[in-house]
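Could you have a look at this structure, given as structure tokens, before my questions?
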Amino acid sequence: MADETRTIKTDYLARVEGEGGMLIRLKGNEIEEVKLNIFEPPRFFEAFLRGRYFTEAPDITARICGICPVAYQMAACNSMESVCGVKVEGQLKALRRLLYCGEWIESHALHVYMLHAPDFLGYPSAIEIAKDAPEVVETALRLKKIGNHIMTVVGGREIHPINVKVGGFYKAPSKAELEAMVPDLEWALETSLETVKWANTLDFPDFEMDYEFAALDAGGVYPIEGGERFVSNRGLDIPIDEFYEHVVEEHVKHANALQGHMKERDSYLTGPLARYALWYDLLSPEARGAAEGIGLPKVVKNPFKSILVRSVELVEACAEALRLIREYEQPAEASIEVVPKAGAACGASEAPRGTLCHRYELDDKGIILDATITPPTAQNQPQIEADLRGFVGQFMDLSNEELTLRCEQAIRNYDPCISCATHFLTLEIERT
Amino acid sequence: MRAVLAPEALEAIVDVLRRRDWRVIAPTVRDKAIVYGEIASATELPVGWKDVQGPGSYKLERRDDEARFGYAVGPQSWKRELLAPSVRLLQIKRTNGGLEPVKDAAETKRTAFFGVRPCEVAAIKIQDRVLIGGKYADEDYLQRRENSFVIAVNCGEPAANCFCASMGTGPKVEDGYDLVLTEITGGTHHFVAEAGTDEGAELLAELPQQPAADADLTAAQTVTDAAREKMGITLDRSDVHDLLLANLEHPRYDDVASRCLACTNCTLACPTCFCTAVDDANDLSGEADDRLRSWDSCFTLQYSEMHGGGTRKETKSRYRQWLTHKLSTWHDQFDTLGCVGCGRCITWCPVGIDIREEVAAIRATQEAKS
Amino acid sequence: MGPTIAVWKFSSCDGCQLTLLDCEDELLGILGRVQIAYFPEATRAEIEGPWDLSLVEGSVTTPEEAERIKEIREKSGLVVAIGACATAGGIQALRNWANVKEYASTVYAHPEYLETLETSTPHSDHIAVDLELQGCPISKVQLVDALLAVLAGRRPNVPTSAVCTECKRRQTPCVQVLGTPCLGPVTQAGCGAICPSFARGCYGCFGPKESPNTVSLAKRWSEMGASEDQLLRAFRTFNGYKPAFREESARHGG
Amino acid sequence: MAQTLTETAGSLEAMTPVPYAVTAKRQDTYDTWTLELEPVDGAPIVPGPGQFNMLYAFGVGEVPISNAGNFETDERLVHTIRAVGAVTKALCAAEIGTIVGVRGPFGNTWPIVEAKGKDVVVVAGGIGLPPLRPAIYHVLKNRKDYGRFALLYGARTPTDLVFLDEVKSWQCNYDVDLDITVDVGDTDWKGKVGLVTKLIPPAQFDADDAQAFVVGPEIMMKFVAQELMNRDLPAESINVSLERTMRCGVGLCGHCQIGPTLVCRDGACYTWDKVEKLLAVKEL
Ligand SMILES: Cc1cc2nc3c(=O)[nH]c(=O)nc-3n(C[C@H](O)[C@H](O)[C@H](O)COP(=O)(O)OP(=O)(O)OC[C@H]3O[C@@H](n4cnc5c(N)ncnc54)[C@H](O)[C@@H]3O)c2cc1C
Ligand code: SF4
Ligand code: SF4
Ligand code: SF4
């Protein structure tokens, strides 16, 4: 009995973006192996970017991920602007933040209700939830739609927005266009407050991990569209430009992706739990109120409760979007001029699922010489495996079926985006 | 009825019409071009702007005066108000196995088109002929047309691509308007106004005005005469019908096809092109079907598609269809030419193909032959 | 019980299948009339094939994918390829101008684990596809229309004409005429002409229209000041491997 | 101005389909069916020979289909439809009781009354026969008013021949010179093999005083017209029916143009002199 081998396995993880599987092997009470298998084929983005003009990076990197294209566009812009020595500020920065709020609302609503909730409610998907409780799915869809609508108004469309440009936007929306969204957003804010309460009625396994939480420091505001420093609760505090001096990437055999590790440290976690733990005090009164209302502590260590934190961030994104619209004045110019310069720099943004870092090197004509992209899921992957180890260690008594489900849920806690994680494998292109 | 109006009277026009609860659509500046849009005040007109047009190019520039109509036609035409880009013709519902066609309630709000150029008045008259003048009429068009009120503006400053003088449609409007203005910017800035219908006269009577003397009418005539002079005759319409029909296989069509993008811009910008498609769009339940009518163009492959493929597969045949239709076969079909010389197809062609040059090229070889 | 629908992912960003979930107003209505048989992005549940309709996202970039699409073809009534990846090879088809194998073997100790093909190709290179929805990403309107068309037995409304048709219908002044180079005249309609409405030239994400005159457009771009490099990149991006764009980019070097 | 517009405007109801029920259905060939339609309520429309209707299949679309009824004795609409695409497939799949939409009748008519006293030559290619059927019945009903009547019918294969029994009954019951041929025969086919144009030289008619009515694929009509002219039949006496894509059927959508003419309005019936030159131009 004690030496019996047990395999917990999912060939194809459902309700995550991209293609991955999971394999856990136990021998008796010993965990032999934990693997988050990423078989999503590599797409070689970093290689393609070489030789392209710097203004193309936001459009091209958006295609790494259909779920969080804005995250890519913002990180690319931040990085390019940093190389070229310009700063996008004022209303243009606010517009970027608003666009990003749209992505947060869309992505968080999708994850909370349609990807994660079925785990808690015991359904295979939201499609089945819709049969029993259509109002839940209708709420989710309406919230999602409002997020998408922001992206359409500010960005031109919800997937791969077209209005984002290095230096700002191609066209700035009018105040009236933004104000037209206020009633919907007010509804969304109310509904997201209800979402927090609803999520709090779910059952959570009794499980905690002692995380190193890492997120951007946006200088006095909750980090969304960018941040100058990358910080953690364990003393990491670096300018974003030094990201790659502290984070190393490793190619592991079972994944078509590279995994991020912090030098001389263990795995770390980025994403809602980290942002929330580090920047709780910067949340809007609405979001903090929502957290307090359900007695959510300032630091959440149970990864299954990420659904609560994600709901709180949903409140944050709605409240923030409303604030940004109220304070918006249409800028005279939709972008600032960016003249390419030779050099290299990093830029980052907070994707719904965590910190996303880009680094580009340009020549003096603006041609990209080198590109490195580190998406949140790559950074979280070692931590996901650590969570699985911890969880299986603690819940070994569960039946195989139950344990498989729970392990899948533990992965979905991260809202992992495997499509994002696989663009890595670099490739030299010899152009003739 | 005639009168002289001060520039401020334009505000009174907008006022009076809006008080009657009419929509007022007029030229305004948006997206770096002069486009039509609903206005609430005459200050929204493009005051002191002119347009610089060339084949495939258009640019707005400042004028050194306060002219309200100191530009020619822009990318849009009144077609957008009358033959709307996309409308639901009707909805067909399935009711216990049967079919029930349902039409949307007619829009009854009246709309004033403020600033209609002579070529555009001519274009509206052409579309009237095509869309309501035959045995069958387009109901939506007729409704919109009935609700329209036309305030025309004679042209003083044709753009480089204007050739209304060649087509006999401008720069002075002859009929088909309710009220017409001629803007006079030299000396004291003023307008000479003339009513074309009783309704136009009613509006004019409500405006602050001075009586028009013979000298004023002469001044107005001078404006359009000068414009005509400036344009000259660049397309000889007298023989163009036969010229094109006699040259259906002309090598020039291969030449133009190497440049033409078959992008449809010329046809959709053209104020007379009327082709539409009707498509079906089912509702989610599958119990209702919207029949949608939208702008179509003879430059698309699907336009001429029959089961088994397109009739006009090559760009060459599509361009020939368009050119011969405009200047030749339109006449056979509707007893009028299909071109009013507004120049939109030249300006708004992304590669600047010029209808006048294409005709001239065909004519040149014809003349060489004879 | 409506027809069974399976949604398949190949090499892609997931954006086109997300488009289905983004049909917020239509999703529940559609779900009421079809059975989702396979759609891992949305559900753990599965119904065995054969399927009435397969929506196929992503391009073929691995040997496994090249096999899988054949199987899907065999077991599906209709195969609809959705998006630039599935209809043109997508952005990852940029590898088709590079030597993947050679590089992989110099960098990785076990290049065999990579299991990647030299090229990224559309499904139509591997199987007969019943309908292609172009676009990076596809249009929600076209997706819903295609699903409803299948349900009604109607021909889907997929215009093969230029983006310009949509520009004109929405009354956007042509940005190319105003001085910004635009790929709209050679790009297939469907997006709603978004880019020009945001004062930017179309960058061709819906792929070539029928009979695109890329030569003439490229000539005009040059006259407007575009460099050969710029032209090469313009045609070689999201739909660069589609013959019309591929041939045009080749005319500008590389 | 507004008032005068309404007074002079054309008919407004042209775009609204009228519900008709399928009351009978017959399969003619492997891909061709004949439907009989009767109005759900109200009086039936009365087309003239040569006119077409726009038939609407719910949720699928609308297509032009010629009237193939025997108007001499019957008020029902008869349409013979070949299933080639979405709409025609849906129409052919309609069952008895199915409601379809009908707009029409549109287009001009065959000058069959004008042909009185003359010899009549009908040349049909495959599914070109049904659009000629109303004209044929007019001649048959008024048989004594006309001279000789030659009916030349060709199809690609024997299975593409429609209404064969009916055609043969005409031969028996009226004075009709019937001649049938197929491009490619099969083992059961005992009749002639060859193009329909071959039936023209031997056909019995007086070229100085005859009217020909020809329907078939465009290419077939071209060769038939040529062959008829070789027999000295003037182009003005040769009638053909043209086909172009149509979205409205009433001259508003522009799609059916061939040079100076709109097929839906000025056709679909033309005399050959009017269209010969047009059809000779590739992709006009
Ligand atoms: C005057 C006249 C009389 C006719 N009489 C008969 C007759 O008696 N019997 C008969 O069988 N046939 C007849 N036809 C031919 C018949 O109209 C066609 O076979 C029919 O239109 C085919 O339609 P479909 O939808 O079945 O085929 P498809 O091949 O699917 O469509 C054919 C036509 O529909 C249009 N279309 C449909 N959907 C689209 C779309 N999404 N985008 C663009 N275009 C689209 C195409 O332009 C094309 O012209 C006649 C035609 C004419 C003009
Ligand atoms: S053909 Fe050209 S010039 Fe003539 S009316 Fe149309 S757009 Fe104007
Ligand atoms: S902006 Fe582009 S897509 Fe629009 S009409 Fe001009 S060329 Fe065509
Ligand atoms: S305009 Fe062009 S690039 Fe922009 S969304 Fe449309 S097809 Fe894509």
Side-chain angles (χ1 to χ4, degrees), chain B residues 89-90 92 94 97-101 103 128 130-139 142 145-148 150 176 178 196-197 199 245 248-249 274-280 282 286 289 291 293 296 298 303-308 311-314 316-317 320-321 324-325 328-329 331-333, chain D residues 1-3 5-6 8-21 40 56-63 82 84-88 97-101 106 243-262 264-266 277-278 280-284:
Chain B
L89 282 180
L90 73 164
I92 298 178
R94 184 144 66 181
L99 298 182
E100 190 197 339
K103 276 191 214 163
D128 283 353
V130 174
L131 296 168
I132 51 180
K135 184 170 175 201
Y136 300 100
D138 185 303
E139 195 175 353
L142 178 64
R145 186 71 179 90
E146 282 185 327
N147 285 327
S148 65
V150 175
D178 293 283
T197 60
E199 259 195 327
L245 281 194
L248 290 174
E249 312 268 22
F274 61 89
C275 288
T276 50
V278 181
D279 292 304
D280 295 78
N282 319 96
D289 178 22
R291 308 223 71 221
R293 188 203 68 194
D296 203 350
C298 54
Y303 175 87
S304 69
E305 199 177 33
M306 299 210 286
H307 55 103
T311 308
R312 296 183 202 99
K313 294 194 189 66
E314 290 184 37
K316 170 180 152 180
S317 3
R320 176 181 62 199
Q321 163 61 28
T324 53
H325 192 214
S328 185
T329 56
H331 198 276
D332 303 299
Q333 295 168 7
Chain D
M1 193 166 46
Q3 287 69 18
L5 283 174
T6 328
T8 55
S11 153
L12 287 181
E13 287 305 311
M15 291 306 284
T16 309
V18 176
Y20 269 66
V40 172
Y56 167 80
F58 177 77
V60 184
E62 205 181 36
V63 291
R82 192 153 77 102
V84 295
V87 181
T88 45
T98 300
I99 309 296
V100 299
F106 300 133
E243 189 179 319
R244 282 296 180 271
T245 181
M246 289 177 189
R247 297 307 190 94
C248 72
V250 291
L252 301 174
C253 79
H255 285 255
C256 66
Q257 291 173 61
I258 308 180
T261 166
L262 291 163
C264 70
R265 186 191 71 179
D266 312 325
K277 283 215 179 69
L278 302 176
V281 181
K282 189 178 159 230
E283 295 198 358
L284 188 69

If you count heavy-atom pairs within less than 4.5 Å of chain D, which of B/K135, B/R291, B/E249, B/Q321 leads? B/R291

Which atoms of B/D138 come close to chain D, meaning under 4.5 Å heavy atom to heavy atom: side chain ones, backbone ones, both, or neither? both

Is it the backbone or the side chain of B/L99 that comes under 4.5 Å from a heavy atom of chain D, or both, or neither? both

Which bit of B/E314 comes within less than 4.5 Å of chain D, counting heavy atoms only: side chain, backbone, both or neither? both

In Å, rounded to the nearest 0.5 Å, how long is the span from OG1 of B/T329 to CD1 of D/I258? 11.5 Å

Under 4.5 Å from any heavy atom of chain D, what part of B/E305 do you find: side chain, backbone, both or neither? backbone

Toward chain D, the part of B/L131 with a non-hydrogen atom under 4.5 Å: both

Heavy-atom distances under 4.5 Å only: say whether D/V18 touches chain B with side chain, backbone, both or neither. neither

Give me the atom names and distance for the closest heavy-atom approach of D/V281 to B/R320. CG1-NH1, 3.4 Å

Scored by heavy-atom pairs under 4.5 Å with chain B, the best of D/P19, D/G59, D/G85, D/A14 is D/G59

At a 4.5 Å cut-off on heavy atoms, which part of D/V63 comes close to chain B: side chain, backbone, both, or neither? neither

B/H307 and D/T245: CA distance, side-chain angles, deciding distance, side chain to side chain contact (heavy atoms under 4.5 Å, CB included) verdict: CA-CA 9 Å; B/H307 55 103; D/T245 181; over 6 Å; no

Which atoms of B/R293 are under 4.5 Å from chain D, going by heavy atoms: the side chain, the backbone, both sets, or neither? neither

Where on B/I92 is there a heavy atom nearer than 4.5 Å to chain D: the side chain, the backbone, both, or neither? both

Quick one: what part of D/P260 sits under 4.5 Å from any heavy atom of chain B, side chain, backbone, both or neither? both

Given heavy-atom pairs under 4.5 angstrom as the criterion, report whether the side chain, backbone, both or neither of D/T16 touches chain B. both

Highest number of heavy-atom pairs under 4.5 Å with chain B among D/M15, D/K277, D/E13, D/E62 belongs to D/E62

Would you mind checking which part of B/T311 comes under 4.5 Å of any heavy atom in chain D, side chain (CB onward), backbone (N, CA, C, O), both or neither? both

To the nearest 0.5 Å, atom NZ of B/K313 lies from atom NZ of D/K282 at 8.5 Å

Between the OG atom in B/S304 and the CD atom in D/Q257, the distance rounded to the nearest 0.5 Å is 11.0 Å

Would you mind checking which part of D/V40 comes under 4.5 Å of any heavy atom in chain B, side chain (CB onward), backbone (N, CA, C, O), both or neither? neither

Which bit of B/D280 is near chain D, if near means a heavy-atom gap under 4.5 Å: side chain, backbone, both or neither? side chain

Please state whether the side chain, the backbone, both or neither of B/E139 comes within less than 4.5 Å of a heavy atom of chain D. both

B/D296 versus D/H255: any side-chain heavy-atom pair under 4.5 Å? yes

